[in-house]
Q: 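Before I ask anything, let me first share the structure, which is written out below as structure tokens.
Just so it is clear, the structure is predicted and the values come from calculations on it, not from any experiment.
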Amino acid sequence: MLTTVERGFFVDFGTAATIGAATVTGIFDVPTAEAFGMLGTDPTFTCAAADVSGIAAGQAVTINAVSYTVTAVKPDGTGVTVLTLDKAA
């Protein structure tokens, strides 16, 4: 489970995301990746697992007024979940 200090990290350094009717704070990251000579991005949203316990691939997430679709849900077993996102068309 996350401690108060760990939850504080998300609050202090995180970005708000809207998932359904809930607002969740987490770390939004859009790294640049190069594969086969082409640049692309694989955005992720890392947050407390308890905040997204019912989320599944295909759900909509809005971050910074941009819509994304969850493509993968990756809980790490320590109380943190990483959502892999794809920008919605």
Q: Can you list everything that forms a side-chain contact (heavy atoms from CB on, under 4.5 Å) with A72? Sequence neighbours excluded, please.
A: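 Only K74, T84 meet the side-chain contact (heavy atoms from CB on, under 4.5 Å) criterion with A72.
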Q: Check which hydrophobic residues are tied to V82 through side-chain heavy-atom contacts below 4.5 Å, counting indirect links as well, and list them.
A: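 ILVMFWY cluster around V82 holds nothing else.
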Q: Using side-chain contact (heavy atoms from CB on, under 4.5 Å) as the criterion, list what pairs up with A60, not counting sequence neighbours.
A: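 Checked A60 against side-chain contact (heavy atoms from CB on, under 4.5 Å); zero matches.
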Q: Would you list the pairs meeting side chain to side chain donor-acceptor pair (under 3.5 Å) in which at least one residue belongs to residues 48-67, sequence neighbours left out?
A: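 Found R7-D51.
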Q: Locate the shortest heavy-atom distance separating P43 from P31; write the atom from each residue and the value.
A: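 It is CA-CD, 4.5 Å.
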Q: Can you pull the salt bridge (Lys or Arg N to Asp or Glu O under 4.0 Å) pairs that have at least one residue in residues 9-22, sequence neighbours excluded?
A: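 Listed by first then second residue: nothing to list.
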Q: Partners of D76 by side-chain contact (heavy atoms from CB on, under 4.5 Å), sequence neighbours excluded?
A: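 Scan of D76 (side-chain contact (heavy atoms from CB on, under 4.5 Å), adjacent residues dropped) gives T78, V80.
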Q: Transitive ILVMFWY cluster of F28 at side-chain heavy atoms under 4.5 Å: who else is in it?
A: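 Once heavy-atom contacts under 4.5 Å are chained together, F28 belongs with I19, V24, V30, F45, V52, I55, V61, I63, V66, Y68, V70, V73, L83, L85.
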Q: For residues 19-29, which residue pairs pass the side chain to side chain donor-acceptor pair (under 3.5 Å) check, not counting sequence neighbours?
A: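 Those involving residues 19-29 do not exist here.
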Q: What residues form a side-chain contact (heavy atoms from CB on, under 4.5 Å) with D86, not counting sequence neighbours?
A: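 D86 satisfies side-chain contact (heavy atoms from CB on, under 4.5 Å) with T71 once adjacent residues are dropped.
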Q: Consider only side-chain heavy atoms of I, L, V, M, F, W and Y, link residues closer than 4.5 Å, and tell whether F13 and V11 are in one cluster.
A: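 F13 does not cluster with V11.
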